[in-house]
Amino acid sequence: MDVDALRAVWRERLGEPPPVRSPDLLRRALAEALQMNASGQGAVSPDRRLTSAVSRHRMGHKSKVRTAAFKPGSTLIREWQGQRHEVQVVQDGFIWNGAKHASLSKVARLITGVRWNGPRFFGLRETEAA
């Protein structure tokens, strides 16, 4: 569908003007709204949701990043390419394969060979939802 057809479907099905101009965003927002209506959940007002998202990411405002707090004595386990990796959390770092490392990201990089966010690699951080 082109953008005009998407806008027409939005007005017809949701009874209000579309909140965005981008065809891609409009297509995604329309799909979500129709799925929520079909499941009986009722759609959250896209205008309110978009306004909220924009206000969280205004220029000059630092976004909040959740930091993972690990308690010493914890063990983090991840299977990577068929091999099980265990990381011990100690007071001032992490122990993997008998060596101490300052960050979990460093351990993830040593395991995979590429840069990773350590908490994300070990499944401790959810992916950002848009």
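For the single chain, residues carry numbers from 1 onward in sequence order.
- Put simply, Leu124 and Ile77 are part of two different groups of oily side chains (I, L, V, M, F, W, Y) that touch within less than 4.5 Å, one to the next.
- What you find for Ala5 and Asp2 is that their closest heavy atoms are N-OD1, 2.9 Å.
- The two residues Pro17 and Trp10 have their closest heavy-atom pair at O-NE1, 3.5 Å.
- In the hydrophobic clustering of this structure, Leu25 groups with Leu14; members are Ile, Leu, Val, Met, Phe, Trp, Tyr whose side-chain heavy atoms approach within less than 4.5 Å, directly or through other members.
- In this structure, the side chains of Val107 and Leu76 stay at 4.5 Å or more apart for every pair of heavy atoms.
- Residues satisfying the salt bridge (charged side-chain N to carboxylate O under 4.0 Å, His left out) criterion with Arg13, sequence neighbours excluded, are absent altogether.
- Within the 4.5 Å cutoff, no side-chain heavy atoms of Val89 are placed close to those of Lys71.
- Residue pairs meeting the side-chain hydrogen bond (donor to acceptor under 3.5 Å, both in side chains) criterion with at least one member in residues 92-102, sequence neighbours excluded: His85-Trp96, Asp92-Lys100.
- Judged by distance alone, the side chain of Arg27 and the main-chain N or O of Met1 form a donor-acceptor pair under 3.5 Å.
- Residues satisfying the side chain to side chain donor-acceptor pair (under 3.5 Å) test with Asp24, not counting sequence neighbours, are Arg28.
- Under the 4.5 Å side-chain contact rule for hydrophobic residues, Val3 and Leu30 share a cluster.
- Of the possible donor and acceptor atoms, one in the side chain of Arg78 sits under 3.5 Å from a partner among the backbone N and O of Phe121.
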